[in-house]
Number of protein chains: 2
Amino acid sequence: MGVDVGSTVCKVTIYDIAGHVFSIASKEYQGLLVSPRKNWYEFDPEVLWRTVADCIRKSIAARKLDPKDIIALSVSVSGESVIPMGKNGKAVYNGIYWTDKRGRSYMSEREILNKKIGSLKIYQITGYPLNYIPSSVKILWLKGKMPEVYNKVWKFMLWEDFINWKLTGEDFISYSTASSSQLFDIRAKKWSSEILEALDIDADILPECLPSGKIIGEVCPEASRITRLSRKTVVVTGGWDQACCALGAGVVKEGDACDVAGTVECITPAVKKPLLNERALSIGLYCSTHVIENLYLYFAFFPTSGAVLKWFKDTLAEKEVEVANKLGRDVYEILVERAAKAELGASGLFVLPFFGGSGTGQRPAFNPNARGAFIGFTLSHRKNDIVRAILEGIAFQTRLIIEEIENLGVNIRELRAVGGGAKSRFWMQIKADVTRKKIVLPDVTEAGTLGAAILAGVGSQVYPNLKKAVGNMCKVKDILHPRNNIATIYNRYYEIYKELYPSLMPIFNKMAEKLTSQ
Amino acid sequence: MGVDVGSTVCKVTIYDIAGHVFSIASKEYQGLLVSPRKNWYEFDPEVLWRTVADCIRKSIAARKLDPKDIIALSVSVSGESVIPMGKNGKAVYNGIYWTDKRGRSYMSEREILNKKIGSLKIYQITGYPLNYIPSSVKILWLKGKMPEVYNKVWKFMLWEDFINWKLTGEDFISYSTASSSQLFDIRAKKWSSEILEALDIDADILPECLPSGKIIGEVCPEASRITRLSRKTVVVTGGWDQACCALGAGVVKEGDACDVAGTVECITPAVKKPLLNERALSIGLYCSTHVIENLYLYFAFFPTSGAVLKWFKDTLAEKEVEVANKLGRDVYEILVERAAKAELGASGLFVLPFFGGSGTGQRPAFNPNARGAFIGFTLSHRKNDIVRAILEGIAFQTRLIIEEIENLGVNIRELRAVGGGAKSRFWMQIKADVTRKKIVLPDVTEAGTLGAAILAGVGSQVYPNLKKAVGNMCKVKDILHPRNNIATIYNRYYEIYKELYPSLMPIFNKMAEKLTSQ
């Protein structure tokens with residue numbers, strides 16, 4: 001069983017030993033988040049747990065499975081969020097959700113860390129750039145602003161160890177998920193004493209760390225009662241969701257990279273020895289341990305990828321939505337068909353897909369001032385061109401990120417594409433042509449739960465080793481090769497695409513400066 | 001009677017003495033243009049004449065008018081096009097249409113003129129920048145490439161004198177229309193001997209020049225037969241269409257400017273002494289004599305104004321078109337209603353309306369490499385914002401042009417707006433707020449024919465002078481004043497708008513350079 005505790009939805013999938021989906025259940029969190037102040041996002045950990053337990057129960061009930069047949073489970077989670085857990089097993093304050101922005105104005109963390117350790121060093125230890133997102137900032141905020149809460153905390157739990165603890169009564173986290181805290185030394189594979197000392201945080205207040213795929217224990221009576229899991233089912237350490245997803249997609253050696261073509265585009269190449277230098281930091285490249293021993297994952301992403309296509313669908317494709325509804329078809333399929341009718345290069349129309357700020361890549365990386373743009377219109381451009389320009393713009397940005405990573409000396413041999421975008425063969429062929437990378441399409445519906453299930457299978461020794469597990473459970477649906485003649489033409493377009501962000505940056509900054517006071 | 005011989009449509013309007021429309025007829029040219037080679041555009045002058053004659057006849061027949069009641073007529077024309085007329089009254093070669101691009105590769109004109117006179121001097125004499133459009137280039141091309149045709153030419157006629165000649169048998173052109181030839185000295189008000197000598201062109205080959213509003217003669221028997229005009233109707237010199245339009249809109253003194261908010265945006269301020277210096281040339285500002293004595297008109301324009309809104313309607317507003325058809329409403333009205341629902345500034349979305357290249361304004365002016373752009377998208381932008389951004393982008397560009405002209409020391413006091421865009425009070429209010437200029441909306445359907453009719457009325461002494469004529473015939477429907485508080489906010493947006501073209505120019509140039517070979 002793979003349990004994927006995502007940002008907004010929990011998904012549980014039970015796989016057979018050959019990797020076939022046996023049962024699926026999923027549920028969106030209801031009433032998880034509260035926002036007591038602007039930009040504060042908190043959550044009730046019990047709602048999270050109940051949703052996870054519900055999903056597990058539903059996945060078992062759906063196929064009238066004997067719970068004893070579930071050999072093991074692992075949990076894949078959204079990172080960074082923290083739960084201040086009291087000694088009595090009740091949270092002493094709401095959990096702080098990963099998108100919470102209170103740390104943005106609370107600069108102490110940056111001040112302390114910058115002064116005592118330096119931002120590059122922190123990045124080199126943790127793989128996590130200084131910003132307001134990681135668990136460390138959330139913990140520090142509570143320490144500084146709510147000492148009465150902080151002093152009552154027994155453990156600051158992240159989502160993985162919280163669910164593991166609920167399931168087994170033991171508080172263990174994987175190295176992978178621990179990497180999202182900015183307190184974990186990804187090379188030494190333990191909490192960083194240097195950082196904890198600098199911040200005056202006691203290591204006791206954090207969970208125990210284990211590699212992914214290690215047995216934590218069996219399901220405890222309380223959890224068994226709520227989830228209907230057998231007490232014999234083994235709980236195994238899982239990982240951070242992008243890492244589990246990469247494993248589920250078959251990213252198991254250096255040179256492989258997962259490309260999650262979802263709302264957000266996330267590119268995660270596996271590397272043996274990550275280079276974490278000034279340049280890697282400046283392009284906004286994250287790094288964590290992979291869920292596979294002796295491998296690391298770079299995390300590169302930009303916040304609005306499929307989100308731009310969805311925006312177009314919601315904003316300017318009423319007609320296509322109408323047709324899709326009438327014919328019972330997928331509207332994205334219809335849009336991609338339109339794109340296919342346009343010429344390569346969308347007759348010189350370019351899209352900068354930064355509708356929610358920039359991400360990894362050109363500097364400044366993760367610039368919240370960055371915005372989306374369509375550039376190059378003539379009166380001859382039609383809707384087909386606009387859709388194609390969106391698909392191509394996302395492919396160009398993917399290439400740009402890959403190039404930036406390869407400039408660090410990392411070789412990316414192939415992209416294993418999952419997520420909504422991977423459903424479109426046409427789009428993925430554009431990506432192959434633009435990036436000049438082979439694109440492998442794994443035969444998988446939920447790479448995250450598959451990755452977790454593989455870890456469960458390895459940890460519980462269903463498989464003798466990871467290689468066997470992956471060989472059994474990961475299948476390939478299709479492989480797309482870059483076409484050389486097309487790639488050569490796309491090169492010319494890419495050279496122009498690369499100029500867009502640097503050219504528009506001064507304008508984006510001016511917009512942020514001059515228009516926000518309105 | 002005002003006859004407007006436009007680029008694609010001929011319109012004839014008969015006005016009564018108070019300026020009320022009495023009868024209207026219009027007709028699109030059928031089969032006027034032929035394109036014997038790529039980028040060559042030629043026309044059959046007889047088709048042009050027959051269409052004009054048809055329209056005149058229809059306008060008379062429509063109201064069962066006694067032709068004798070038509071006191072006078074004048075002709076407003078599209079400029080630059082030339083007709084190589086033979087001695088026998090038959091063209092010795094097709095007319096060369098104004099958009100014809102054969103002169104673009106034929107550089108002799110620029111070479112000769114540049115070498116012998118210099119581009120600034122030519123501009124100072126003629127008000128016309130060096131490019132491939134004016135009549136001079138078309139004449140020179142025939143002289144250089146088809147000497148056998150050139151040698152048979154009796155007169156090179158522009159559209160105004162061609163129609164005047166067909167109507168009266170006399171070949172007279174107004175100073176105004178002669179300004180479109182780049183052979184006319186707009187200050188000395190005669191063909192420029194300096195330029196004619198440099199090009200080795202005999203002045204005899206060109207029509208006689210007269211001020212606008214001067215009697216040429218009466219309708220000749222042949223024309224009377226075809227048009228049904230009375231032989232007693234007086235034909236009076238008219239003018240270049242933008243100038244006639246400005247007169248019809250009431251632009252009669254320095255400080256007035258006509259703003260034709262049509263497919264193309266054309267802003268024509270009247271000045272007493274035009275400054276024609278290096279700076280005016282570099283911003284792409286044209287100048288001609290006005291159709292009023294002792295006044296000149298600057299011509300500033302950008303090629304795609306309303307054209308962008310039409311593009312949006314055709315490309316992305318299928319739903320609005322459907323609704324408009326169902327309700328029998330104007331789709332543009334529906335689109336403007338959407339814009340009115342968006343916030344001022346379209347929530348930070350900007351449109352650069354150069355879908356057909358840039359025009360007058362920031363340098364380089366009239367850059368064919370320039371293209372349209374939408375900049376500043378977030379996922380929150382909706383269709384309403386996009387429409388509003390188009391309306392605002394056009395208003396920003398109008399302000400930019402006005403500022404560039406005012407930087408030359410010309411004061412523009414008010415804009416008299418005509419054309420399709422002027423139908424929208426909402427849009428014109430945006431323009432008033434953005435430009436901080438009073439916008440006068442004349443009560444006129446066809447400013448071009450009204451301007452021509454005013455000239456006919458003055459020339460034939462229906463009115464004792466121009467002032468009386470304009471007082472009788474030009475009426476005002478509405479006046480929109482800039483709102484100070486709104487104007488202040490728009491200022492901030494305008495400051496950003498101004499940066500768009502300079503920032504994107506290197507990209508546009510690279511696109512032209514790298515993508516055209518495809």
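Within every chain, numbering begins at 1; the chains are lettered A, B, ... in the order of the sequence lines, protein sequences first and strands thereafter. Computed over heavy atoms, backbone and side chain alike; hydrogens, waters and symmetry mates excluded.
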Would you mind checking which part of [X] comes under 4.5 Å of any heavy atom in chain B, side chain (CB onward), backbone (N, CA, C, O), both or neither?
X	value
A:Ile386	side chain
A:Lys319	side chain
A:Tyr497	neither

Holding to side chain to side chain donor-acceptor pair (under 3.5 Å), I want the full list of residues that pass it with A:Asn484, two or more places apart in sequence or in another chain.
A:Arg436

Top of [options] for chain B proximity - count of heavy-atom pairs under 4.5 angstrom:
options	value
A:Asn384, A:Val308, A:Thr315	A:Thr315
A:Leu504, A:Thr304, A:Thr378, A:Ile375	A:Thr378
A:Ala373, A:Ser503, A:Gly372, A:Ala370	A:Gly372

Between B:Ile496 and A:Lys510, what is the shortest heavy-atom contact and its length?
CD1-O, 3.9 Å

Tell me, side chain or backbone of B:Phe350 under 4.5 Å from chain A's heavy atoms, or both, or neither?
side chain

So, the part of B:Glu318 with a heavy atom under 4.5 Å from chain A: the answer is side chain

When you check the gap from the basic side-chain N to the acidic O, do B:Glu495 and A:Lys514 get nearer than 4.0 Å?
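No, no charged N to carboxylate O under 4.0 Å.
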
More than 12 heavy atoms of other residues, nucleotides or ligands under 6.0 Å from NZ of B:Lys310: yes or no?
no

What I'd like to find out is whether the side chain of A:Tyr493 reaches to under 4.5 Å of the side chain of B:Met511, using heavy atoms alone.
no

To the nearest 0.5 Å, how far apart are CG in B:Leu349 and CZ in A:Arg371?
8.5 Å

CG on A:Leu379 to CH2 on B:Trp311, rounded to 0.5 Å:
9.0 Å

Return the orientation label for the A:Phe377 and B:Phe374 ring planes: parallel under 30°, perpendicular over 60°, tilted otherwise.
perpendicular

